[in-house]
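Before any comments, here is the structure.
Here is the naming used below: chain letters follow the sequence lines, and residue numbers restart at 1 for every chain. Computed from a prediction, not measured in an experiment: that's the story for all the values here. The analysis underlying the following values was restricted to heavy atoms, covering all of them including side chains, and did not include hydrogens, waters or symmetry mates.
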Amino acid sequence: MVDRIERLTNLLALLLETPEPLSLVQIASELRGQYPENDRARRAAFERDKSGLRQIGVPIETEVIGGGPYAGQTRYRIDRAAYELDDLHLAPDEVRALQVAVATARTGAGREAIWKLGGELTAERPPVSAVIPDRPELPAIRSAVAGRAIIEFSYRGELRRLDPWGLLLRGGFWYVTGHDHGRGERRTFRVDRIDPDADGGDAVSVGAPAAFVRPASFDPRTAFPSDPKQIGHAATDSVEALVRIDAVRAPAIERELGTDRVRERRDDGSILVTVPAGNLPAFRSWILGLLDHAVVEEPPELRVHLVDWLRAIVGAGSVNGART
Amino acid sequence: MSGPRNAEDRLRRLLVMLPWLMEVGEVPLADVARRFELTEQQVQRDLELVAMCGLPPFVDEMVDVFIDEGMVFVGVPRLFTRPLRLTAPEAFSLLTSARIAMELPGADPDGPLGRGLAKITAVLAGAGVDPADGSPDHVADDHTAGVAVDLDRPLLTDEIVDAAGRGDELRIVYYSPSSNETTERSIVPRHVFADAGNWYVLADDDRSAERRTFRIDRVESVAPTGRTVALDPDVRAPDAFFVDADVPRVVLRLASAATWVLDQYPIDERRVLDNDWIEVRLPVVSERWLAKLLIRLGPDAELVDASTANPALPMAQAMLDRYGH
């Protein structure tokens, strides 16, 4: 028996070179002595090789004979055009720049990509880097966006069917936006909230390519509200709050919101700012995060809401206290 | 460097090694091993193995490998002169890394990275779409190839990155939410990184005499001190924030609306309760931090067990005072 890597290489060479798709019987006869004689053992060994080649990205095509003496028989080949990497015409300095980019992200798949581009992993590290949140579903979703394939997944227990228009990393999370077939409108989903597959398989299933047309005007960078406090709400939803920020937090908040949001500056260093409050849970979370360094001045209903929220906390605490 | 390698991993590596060897013609064995992260023995063994592959009449040239006195000479048949296409994870990782690098301070869209990114984007944009049956609408048109990245950064980031590149010491005013204090300190920025939506600087800090991580949006001002120190070539972003085992823990119960806490903070233990609430045990950075978390969560969280009194109660009362209640 030959070393398995030798048989895999021979199988790869044979399927790349053959002008006609080959059946397993033909393959075994070409690779004489490399597959077991016994039918079942041979089929098992071949299936293992086929999935091994597919695992490293080799596109093995199969066709089933329709009629004649060999009806039902499966034949195999590899389309060289689908197998080979396109020539990217990358200049040496361009490969080097991509190397540095990938070295910063430190992913295993990125290293393989750099080798394929003819580069090598570099020890060079720029003084700045970013951590990419990693999710197993992302490569399949990206391929679906680029190939215009419909994806299906479960989100909070509900099956979704989506024309994926774009994938965006923002604020440390990946989002996919597209046309939701069930809802009949554009929806955005957080990729890390996609439900895992119950059987341990792929959480996102990808359909055939070229299945939809993306609106020409769509741009993932502008399709999302740039202020996270507005995610999930229409841009026309223009509720604004007037908030007083104490001196200790004023410089940071002014930088976060922009100077054009500052309405008034006081001598004690505090500032009065306008903040979008259309998305109430997001606004509440933001202002409560400032603890006793911020107070809503307007509108009154927001003040009432926050007072009720805080009273509930104090109230629940004293009830718990009474129990213990 | 490499554990036991299965046949698939060895073949995968060979398929990137062979086109490169063909390109360079002859090269020291040690260089091949270093470049492809293998030992010299592994390279030699795998190259000698593929030298025996190839079979007439389909393949009339064998893989032609010859190793002599530490040099590798390879004439590869046309079979393996081109690398395999990028797999979906490779394409994703390459595009995303490059797009993130383009968002970092100092990136130049007309520089080598920008040009390289444009070329890979063009190739990966319509992947899987057959141009013959796809209308132009089917091909990506936004020049992203499916991935967009938006790393919005605080204004002071660029200045701190420049200082890190030169080894300049900076005087900063820094707000620490856990102590609710503003401090002034001198730091030498070493590395700037973005993680989970925030920007951080890893810096040598004179106050603690340690290398510490600061969140840039909490830096209120920076000013160069005029002192410059040698760059540290070994510095890199921490792999993960870890929390000391000595930090006190609390047990919280969270309603489904509060499960973002699981994404945001390190959790020691979690279990799902009968009413679908989740009970978690998590480290507490400071009382003020815990108070903030509980106040933001409101009715969606319950403090089950803590070594100290619930710090959210006096804080909520202090906040109510500011509303005149």
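Residue B:L294 comes nearest to A:I313 through the heavy atom pair O-CD1, 4.2 Å, listed as atom of the first residue, atom of the second, then distance. When all heavy atoms are compared, the tightest approach of A:A109 to B:E90 is O-CG, 3.4 Å. Counting all heavy atoms, side chain and backbone alike, B:L104 lies closest to A:A130 at CD2-CB, 4.4 Å. Between B:V149 and A:L168, the closest heavy-atom pair is N-CD1, 4.0 Å. Of all non-hydrogen atoms in A:S143 and B:A88, the two that sit nearest each other are OG-CB, 3.5 Å. Across B:E220 and A:V248, no two heavy atoms sit closer than the pair OE2-O, 3.1 Å.
A distance-only check finds no donor-acceptor pair linking the side chain of B:R85 to the backbone of A:D86 [under 3.5 Å]. Distance alone, capped at 3.5 Å, is enough to place a donor-acceptor pair between the B:S93 side chain and the A:G110 backbone. Although no hydrogens or angles enter the test, the distance criterion places no donor-acceptor pair under 3.5 Å between the side chain of B:R115 and the main chain of A:E94. The backbone N or O of A:A252 sits nowhere less than 3.5 Å from a side-chain atom of B:R218 that would complete a donor-acceptor pair. Formation of a donor-acceptor pair under 3.5 Å by the B:R296 side chain with backbone atoms of A:G289 is not found in this model. Side-chain atoms of A:R142 come within 3.5 Å of backbone atoms of B:A145 as a donor-acceptor pair (strictly under, hydrogens ignored).
With respect to chain A, the highest number of heavy-atom pairs below 4.5 Å among B:P189, B:A316, B:A194, B:A101 belongs to B:A194. For the set B:T96, B:T182, B:T157, the count of heavy-atom pairs under 4.5 angstrom toward chain A peaks at B:T96. Between chain A and the options B:A164, B:P299, B:A98, the largest number of non-hydrogen pairs under 4.5 Å is found for B:P299. The most heavy-atom pairs under 4.5 Å with chain B, out of A:A208, A:P136, A:G119, come from A:G119. Interface summary for chain B: among A:L53, A:D49, A:L90, the most heavy-atom pairs under 4.5 angstrom belong to A:L90. When B:V16, B:L151, B:L84, B:V173 are compared by the number of non-hydrogen pairs under 4.5 Å with chain A, B:L84 comes out ahead. Among B:L231, B:V219, B:D46, the residue with the largest count of heavy-atom pairs under 4.5 Å with chain A is B:V219. Taking A:H89, A:R311, A:R284 one by one and counting their heavy-atom pairs under 4.5 Å with chain B, the maximum is reached by A:R311. Note: B:L49 leads B:L49, B:L15, B:T87, B:L94 in heavy-atom pairs under 4.5 Å with chain A. Comparing A:S285, A:A91, A:G118 by how many heavy-atom pairs each has under 4.5 Å with chain B, the most go to A:S285.
You'll find the side chain of B:V147 stays beyond 4.5 Å of the side chain of A:L138, heavy atoms only. Residues B:Y323 and A:V296 are in side-chain contact: their nearest non-hydrogen atoms beyond the backbone lie under 4.5 Å apart. When side chains are defined from C-beta on, A:D246 counts as touching B:R322, because their heavy atoms get closer than 4.5 Å. The closest side-chain heavy-atom distance from A:R96 to B:P112 is not below 4.5 Å.
B:Q317 is linked by a side chain to side chain donor-acceptor pair (under 3.5 Å) to B:D321, counting only residues two or more places apart in sequence or in another chain. In this structure, A:R303 has no side chain to side chain donor-acceptor pair (under 3.5 Å) partners at least two apart in sequence or on a different chain.
The CG atom of A:D292 sits 11.5 Å away from the CG atom of B:L320 when rounded to the nearest 0.5 Å. Between the CG atom in A:L98 and the CG atom in B:L113 there is a gap of 6.0 Å [rounded to 0.5 Å]. Note: B:R99 CZ to A:L169 CG = 11.5 Å, rounded to the nearest 0.5 Å. In this structure, CG in A:L85 is found 5.0 Å from CG in B:L86, a value given to the nearest 0.5 Å. B:F80 contributes atom CZ, which lies 6.5 Å from atom CG of A:L16 (distance to the nearest 0.5 angstrom). Note that the CD1 atom of A:I56 and the CZ atom of B:R13 stand 11.5 Å from one another [nearest 0.5 Å].
Residue contact with chain A, scored on non-hydrogen atoms closer than 4.5 Å, is absent for B:L293. For A:A81, the part lying under 4.5 angstrom from a heavy atom of chain B is the backbone only. Looking at B:P154, neither its backbone nor its side chain comes within 4.5 Å of chain A, counting heavy atoms on both sides. Only the side chain of B:I100 comes within less than 4.5 Å of a heavy atom in chain A; its backbone stays farther off. Neither the backbone nor the side chain of A:I141 comes within contact range of chain B; no heavy atoms are under 4.5 Å apart.
With respect to B:M315, the side chain to side chain contact (heavy atoms under 4.5 Å, CB included) criterion is satisfied by exactly one of A:L288, A:L291, A:L310: A:L291. Residue B:E8 is tested with A:R4, A:Q55, A:R54 for a side chain to side chain donor-acceptor pair (under 3.5 Å); the sole match is A:R4.
Taking the charged nitrogens against the carboxylate oxygens, B:K119 and A:D87 have no contact shorter than 4.0 Å, which rules out a salt bridge.
More than 12 heavy atoms of other residues, nucleotides or ligands lie within 6.0 Å of CD in A:E297, so this atom counts as buried by the packing criterion.
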Problem - Audit row: B:R34, A:E120, side-chain contact (heavy atoms from CB on, under 4.5 Å) steps and yes/no - result: CA-CA 10 Å; B:R34 185 187 48 76; A:E120 66 177 314; 3.3 Å; yes
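Using a 30° and 60° split on the angle between ring planes, B:F36 and A:W115 fall in the tilted class, from 30° to 60°.
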